[in-house]
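Notes follow once the structure below has been shown.
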Number of protein chains: 2
Amino acid sequence: MERLNLGLENGFTTLLKTCLDQKKTVLLVGRCKVDYVGRARSTLEYGDRIILVKEDGSIIVHRPYGYQPVNWQPPGSVFHIKKMGERYLLKAVRRKPQESLEVTFTHIYMIQGFSLKDEGKFSLHVTELEMKEALTLKPDLLEPGFKVLRPEKPVPPGFVDLYGLDKEGRRVVVELKRNAADRPAILQLYKYIESLGGRGAVRGVVAAPCLAKGAQRLMEQMGLEFKRVDPKECAKVLSSTDWRTRSLSEYMGERTV
Amino acid sequence: MERLNLGLENGFTTLLKTCLDQKKTVLLVGRCKVDYVGRARSTLEYGDRIILVKEDGSIIVHRPYGYQPVNWQPPGSVFHIKKMGERYLLKAVRRKPQESLEVTFTHIYMIQGFSLKDEGKFSLHVTELEMKEALTLKPDLLEPGFKVLRPEKPVPPGFVDLYGLDKEGRRVVVELKRNAADRPAILQLYKYIESLGGRGAVRGVVAAPCLAKGAQRLMEQMGLEFKRVDPKECAKVLSSTDWRTRSLSEYMGERTV
DNA sequence: CGTGCCAGGTGCCAT
DNA sequence: ATGGCACTTGGCACG
C-alpha cells in the first residue's frame, strides 16, 4: 500500500489526474450534486457524499446512509476533470450504452489516493451452482436411484438445470432453486418439459428448500413434483469430501458438450 | 461536515466506537480478510480494501476494482469491535435473516469519521411508472383512440399495468416494459388475459421500446400484439407539460381503488 | 410482517 | 456482441 495525499491546496484536478494516470484508487469526501444521463436519467441535489474512484475506471457515489450507491458508473469509464470557477467537476463517461455521470463539488473535505494490492481470493458457498454440483455427485440427495445424465442440458428456450434418469429409467428434468421455488421457476420448468416432449415423456421435478406461497397449486396443475433439497446440506456434502477438488470441476466442465 | 481523525495511535477501537456512538460515517482503508456467514457463506483472503461504515448501521467492503462490493451488511446491523493481539476485528451482525460479517485487519492505512449532512433530493426519471403516467395522460402514445380505464387493474395473479378500451370499444390489457419486452413479460400478460376471460374477451398488448430476441414468436403463438413505446417520448410528454406536478400524482394515487 | 415485481439492476457464461 | 439466468440480489409497494 502506498498513499498519496497532496492536500487540497495542491489542487483537486492535479491529484485526481495523477491518481487516474497512475491507476490509483481515490477516496473523496465532499459536498456535491450528481447528474446522470443514460438508460435513465437522475439528479441528486447538493449534499455530503463519499465517492470511490477505482483503478479500473469505476466510480461509486455513496450517501451517508443506505446499502446501495446513489449513483455510479461501471468499470471502463473515462474520466474528465475540470475546475469550473469555485467548483470542481468530475465526469465519468461510458459508451455502450452511452451514459454519463457528472459530479459537481462545492467543497472537498478529503481527497486521498491509494495504491491498493488486493489479490486475495474470494469464494462464495451455498450457491445454486454448489447445489448442482452436490446433486451431480450424490444424486440420491434428490431421490434414491436418480442418475444425472447432464447438468445444464440446453433446450430451445434455455438451459435445464439437471437432466437425468430415475431408478425406473424415466427421463427427469430438474429445475433447481437455492431459495423458495416461485411461480416463474415452475413456469420455466414447464416450458422445458414441453420442449422435451411434454409431461408424458419426462418427469418434471422442482428441487428447492421450499415452495413459494402460491406455487403449490400451480405445481399440481402442471403435474410437477417437488423435492426438498437443503442448500446447506449440499454445501456440506461438497466440503466434507475431497472428490470435489479435481474430478468434479472437470466433470462439470464437460457440461457444455 | 465535521471531521474526526484521532490517528491510529489513539486506537482503532476507540475511534470506531466513538464514531458509531455518535452516528458518524467511518471510512477505513486497510489490509484485511472477510468472513461472511448467513444466507450463504463466503471467505475473502487478505488484501487491501476500502470499508464504509455508515450512520445507519450498514457496512460495505470494496476491493480496489469492480462496481460491486465484495461483502456487505445492510442498514440496521449491530457492530462489535475488538482488538485481538495485533489484529483488529470489526463484526457486523443482523437478524432476520441471521447473518454475520467479520472483517479482520492486520493493517489500517486510514481511518476517519465524518458527520455528513445529506438531505439532497434524489430523483430518477423515465421509469416504468413514468411511462405509465405518460400513457395515462396521453393514451394516443399507445394507439389512436385508446382510453385508459384504470392503471394497475388488479386481477387474480397480480396487476395489469394498464387497462382500457380501444376506439372500437374492445377491452385492452397492456403489459408495459421500460426495456425490451422479454418472455416472462409476455407470459405474465398471457396469464392476465386468461384470468380476464381469455383471448376472445380482451386484446393483449405488450407496450415496450422493443421486443427481446426470442419474444416475437411467442407473441404470435399467444396472439398478442406489440406496440412500440419510446421511453424518451414518454419523458418528453411529462416534462413538456406541468399537469404532472400535482394533478397526475394524485390521479395515480387513486389507482389502488 | 410476508409476497410479488422492478432495477440505470450487475455479473457470469453461453452461443 | 447477444441471450439466458443467478444473485447474500436490494428495493418498494401492497395485502
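Side-chain atoms are counted along with the backbone in the values below, which use heavy atoms only and exclude waters and symmetry mates. Throughout, protein chains are lettered first and strands after them, A, B, ... in sequence-line order, and every chain is numbered starting at 1.
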**Asked** Between A:Leu116 and B:Val29, does a side-chain contact (heavy atoms from CB on, under 4.5 Å) hold up when you go through it step by step?
**Response** CA-CA 9 Å; A:Leu116 302 175; B:Val29 182; 3.8 Å; yes
**Length of the line joining B:Leu189:CG and C:dC5:P, which is rounded to integer Å** = 13 Å
**Request:** Let me know the distance between CH2 of B:Trp72 and P of D:dG11, rounded to the nearest Å.
**Result:** 11 Å
**Complete:** B:Phe122 atom CZ is separated from D:dG11 atom C1', nearest whole Å, by 12 Å
**Complete:** Within residues 202-216 of chain A, those residues having any heavy atom closer than 4.0 Å to DNA chain C are A:Lys213, A:Gly214
**Message:** Distance check needed: C:dA7 P versus B:His125 NE2, whole Å only.
**Reply:** 15 Å
**Prompt:** Could you give the CG-to-P distance, from A:Leu129 to C:dA14, as a whole number of Å?
**Reply:** 11 Å
**Request:** Scan residues 57-71 of chain B against DNA chain C and write down, sorted by residue number, each residue with any heavy atom closer than 4.0 Å; if none is found, say none.
**Result:** B:Tyr67, B:Gln68
**Request:** Measure the distance from NZ on B:Lys177 to C1' on C:dG8 and round it to the nearest whole Å.
**Result:** 14 Å
**Request:** For the residue pair B:Leu224 and B:Val205, establish whether any side-chain heavy-atom pair is separated by less than 4.5 Å.
**Result:** no
**Message:** Between A:Glu99 and A:Arg94, does any side-chain N to carboxylate O distance fall below 4.0 Å?
**Reply:** yes
**Message:** Let me spell it out: for each of B:Pro75 and A:Thr127, pick the nucleotide of DNA chain D with the closest heavy atom. Which residue's pick is nearer the 5' end?
**Reply:** A:Thr127
**Asked** How far apart are the closest heavy atoms of A:Lys232 and B:Gly38, and which atoms are they?
**Response** NZ-O, 3.2 Å
**Asked** Is any side-chain heavy atom of B:Leu196 less than 4.5 Å from a side-chain heavy atom of B:Val173?
**Response** yes
**Message:** Between B:Leu90 and B:Glu102, is there a side-chain heavy-atom distance shorter than 4.5 Å?
**Reply:** no
**Prompt:** Would you call the rings of A:Trp72 and B:Tyr67 parallel, tilted or perpendicular, where under 30° means parallel and over 60° means perpendicular?
**Reply:** tilted
**Prompt:** With a 4.0 Å cut-off on heavy atoms, is B:Glu99 in touch with a base, just the backbone sugar-phosphate, or nothing at all?
**Reply:** base
**Asked** By a strict heavy-atom criterion of less than 4.0 Å, which residues belonging to residues 34-42 of chain A are in contact with DNA chain C?
**Response** A:Tyr36, A:Arg39, A:Ala40
**Prompt:** Within the structure shown, what part of the strands sits under 4.0 Å from A:Gln73 by heavy-atom distance: base, sugar-phosphate, or nothing?
**Reply:** base
**Prompt:** If you measure from the P atom in D:dT8 to the same atom in D:dG4, how many Å do you get, rounded?
**Reply:** 23 Å
**Request:** Look at all strands and tell whether A:Gln188 reaches a base, only sugar-phosphate, or nothing, counting heavy atoms closer than 4.0 Å.
**Result:** sugar-phosphate
**Request:** Mind listing the closest non-hydrogen atom pair of B:Arg41 and A:Ala235 along with its distance?
**Result:** NH2-CB, 3.9 Å
**Item:** Separation of D:dG4 C1' from A:Glu175 CD (nearest whole Å)
**Value:** 12 Å
**Prompt:** Less than 4.5 Å apart, any side-chain heavy atom of A:Val202 and any of A:Val172?
**Reply:** no
**Request:** Check whether any side-chain heavy atom of B:Pro69 sits under 4.5 Å from a side-chain heavy atom of B:Val61, and report yes or no.
**Result:** no
**Request:** Identify whether the distance between the nearest side-chain nitrogen and carboxylate oxygen of A:Arg63 and B:Asp118 falls below 4.0 Å.
**Result:** yes
**Request:** Rounded to the nearest 0.5 Å, what's the gap from CD on B:Glu220 to CE on B:Met222? Could you check?
**Result:** 12.5 Å
**Prompt:** To the nearest Å, how far apart are B:Leu176 CG and C:dC6 P?
**Reply:** 10 Å
**Prompt:** With respect to the phosphate group of C:dG9, does any side-chain polar atom (N or O) of B:Asn179 fall under 4.0 Å of OP1 or OP2?
**Reply:** yes
